[in-house]
Protein chains: 2
Amino acid sequence: MPADDALRDRLVRVGAELLRTESPGALSLREIARRAGVSHGAPRRYFPTHLALLSAIARSGFADLSAQVTTALRTAAQDPRTQITTMAHLYVRFAATNRSMFELMFRHDLLQSGGHLGLRDASLPLFRLLVDLVAAARPAAGTSAEISAAAIWAALHGTAELWNWGSLTLAAGATDPAPFVDAILTAHLGPSEHNAAMPAPEGSR
Amino acid sequence: MPADDALRDRLVRVGAELLRTESPGALSLREIARRAGVSHGAPRRYFPTHLALLSAIARSGFADLSAQVTTALRTAAQDPRTQITTMAHLYVRFAATNRSMFELMFRHDLLQSGGHLGLRDASLPLFRLLVDLVAAARPAAGTSAEISAAAIWAALHGTAELWNWGSLTLAAGATDPAPFVDAILTAHLGPSEHNAAMPAPEGSR
DNA sequence: CAGAGCCGGTAGACACTGTCTACGACAGGT
DNA sequence: ACCTGTCGTAGACAGTGTCTACCGGCTCTG
């Protein structure tokens, strides 16, 4: 029932909402409970610890990203190379748009704390999707698709992080992370015939 | 005088030492003061706030990394391509060896908090060195050396992070981040005649 | 229908944190 | 001797995460 466990979802939503304006450090247990209109002991009924609540919030971030990716892939062209392109740009743009959420999603202590609150399984479907796309884009490559996909993901992730704290702007004078994304993809997959990075004057059909 | 401001250095050393075994979350102001044998108010004489102390500790991490890089480059071969290779491997290995320190060094709130405790200036010399090496390695390239160096740095950083929380092992079954580093460098700079990372089965030419 | 039990949330305590302020040695200079 | 500045101590305060006792309603059962 959606009405049941309503507070659980409300707490997660309040936390995600809070992340739109505040840094992850502002996500204290008591503050979330306060904004949800309950006492500070109420969250404990659903989350055994503070980290578990943060983990659930981060999980909702992964769900959001996954939803954005699937809808973007549905409206995009079908060939895997451009699908990878849209997915890559979406990843970096998501990181730049939802900075605090992105930061929370990849916090080490949330990821590697064993048990069910680990976030690895939340990020793994996205990686699997990338692996499949990479395998489809270059069917007979030397290295395995997993290795290539992991390398692409690492490069994208590093670009997103460096972009987020302004190092790319400061060091390389870049005003947009998109060229870096395109450079990564061409380096690993070869050039794409339809470069999807810039607002393509040609409507994809 | 070195004897003067002795407590300042001691606090930083204690914090760095603590990071060898504990996570950055264990670096509380009072715990550091406790281990340094002073009261909890003493650090305030040298660091106006907790973040300032953490910043100084992270700075010492950058100093450590820089020292390792310079000594490694001195004993390495002279041509810039292999110097970049040693520097890249050292970066990822440093991240894997000093996980907590690496995590602290790239914390967003430490980096972008304006003022003198920003860490950007601590990481910038290393980036400048990489830019120079890249410029020397490929004197007449299409893109600027800054852009290439930033792309390489982003890829290396992403690899270091993904490796650190085990995603590369789990997703791609890798047991060593070194092949990823080599793949990054060959993708951006072309193959190196003497591959220093793995015993390459096929000599690249 | 009455009572028992549980479910979901409240309220208070505890140890701990970062920050602030007042205070206390203790040195050197005039 | 006295003042003055430095360096560190000690205590207070608000805020945090966790734990425990409690309690109002609800449902299920006899």
Side-chain angles (χ1 to χ4, degrees), chain A residues 1-16 18-19 21-59 100 103-104 107-110 112-117, chain B residues 1-16 18-19 21-59 100 103-104 107-110 112-117:
Chain A
M1 275 323 235
D4 204 22
D5 287 357
L7 181 54
R8 192 199 147 91
D9 303 355
R10 184 146 49 107
L11 289 169
V12 173
R13 266 202 312 273
V14 164
L18 207 52
L19 277 182
T21 60
E22 306 291 327
S23 91
L27 279 191
S28 83
L29 186 70
R30 292 169 112 105
E31 178 65 22
I32 297 177
R34 219 170 287 139
R35 302 227 179 191
V38 292
S39 76
H40 67 272
R44 180 150 243 267
R45 193 65 56 174
Y46 302 94
F47 305 100
T49 178
H50 184 210
L51 239 66
L53 173 54
L54 293 185
S55 232
I57 296 171
R59 228 180 262 273
S100 302
E103 188 177 345
L104 180 72
R107 265 182 47 176
H108 292 53
D109 47 345
L110 294 181
Q112 43 201 20
S113 69
H116 302 92
L117 40 89
Chain B
M1 275 323 239
D4 205 23
D5 287 356
L7 181 54
R8 192 199 146 90
D9 303 354
R10 186 148 48 106
L11 289 169
V12 173
R13 266 202 312 274
V14 164
L18 208 51
L19 278 183
T21 61
E22 307 290 328
S23 89
L27 279 191
S28 81
L29 186 69
R30 293 169 112 106
E31 178 64 21
I32 296 177
R34 222 170 286 140
R35 303 225 180 192
V38 292
S39 76
H40 68 273
R44 180 148 242 267
R45 194 64 58 172
Y46 303 94
F47 305 100
T49 178
H50 183 210
L51 238 67
L53 172 54
L54 293 185
S55 231
I57 295 172
R59 228 181 263 273
S100 301
E103 187 178 346
L104 180 72
R107 266 182 45 177
H108 293 55
D109 47 345
L110 294 180
Q112 42 202 21
S113 69
H116 301 91
L117 42 87

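Below, chain A is the first sequence line, B the second, and so on; all start at residue 1.
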*Taking CZ from B:R8 and P from D:dC7, how many angstroms apart are they, rounded to a whole number?*
13 Å
_Run the side-chain hydrogen bond (donor to acceptor under 3.5 Å, both in side chains) test against A:R8 and tell me which residues pass, sequence neighbours left out._
none
*Given atom NE2 of B:H50 and atom P of C:dT17, what is their separation to the nearest angstrom?*
10 Å
*With B:E22, which residues qualify under side-chain hydrogen bond (donor to acceptor under 3.5 Å, both in side chains), at least two apart?*
none
*Over how many whole Å does the gap from A:L53 atom CG to D:dT16 atom P extend?*
14 Å
*Have a look at A:Y46 and tell me which of A:V12, A:D5, A:D9 forms a side-chain contact (heavy atoms from CB on, under 4.5 Å) with it.*
A:D5
*asked:* Is there a side-chain contact between A:Y46 and the phosphate of C:dG8, meaning an N or O under 4.0 Å from OP1 or OP2?
replied: no
*Which atom names give the shortest non-hydrogen contact between B:A33 and B:P43, and what distance separates them?*
CB-CG, 3.9 Å
*Between D:dG11, C:dG18, C:dG9, which one does the side chain of B:H40 approach most closely?*
D:dG11
*With sequence neighbours excluded, residues passing side-chain contact (heavy atoms from CB on, under 4.5 Å) with A:L53*: A:L11, A:L29, A:I32, A:F47, A:I57
*Considering only heavy atoms, which members of residues 21-35 of chain B lie under 4.0 Å from some atom of DNA chain C?*
B:S28, B:L29, B:R30, B:R34
_Listed partners of A:R35 passing side-chain hydrogen bond (donor to acceptor under 3.5 Å, both in side chains), at least two apart_ = A:E31
*Could you give the CZ-to-P distance, from B:R45 to D:dA10, as a whole number of Å?*
14 Å
*Nearest whole angstrom, please: distance from the P of D:dC7 to the CG of B:D5.*
7 Å
*Please list, chain by chain and in numerical order, all residues satisfying salt bridge (charged side-chain N to carboxylate O under 4.0 Å, His left out) with B:R10, sequence neighbours excluded.*
none
*For the residue pair B:A58 and B:L104, what are the closest heavy atoms and their distance?*
N-CD2, 3.9 Å
*asked:* Can you measure B:L11 atom CG to C:dG18 atom C1' for me and round it to whole angstrom units?
replied: 15 Å
All N/O pairs under 3.5 Å across the protein-nucleotides 23-28 of chain D interface:
none

*Sequence-distant partners of A:R45, salt bridge (charged side-chain N to carboxylate O under 4.0 Å, His left out), two or more places apart*: none
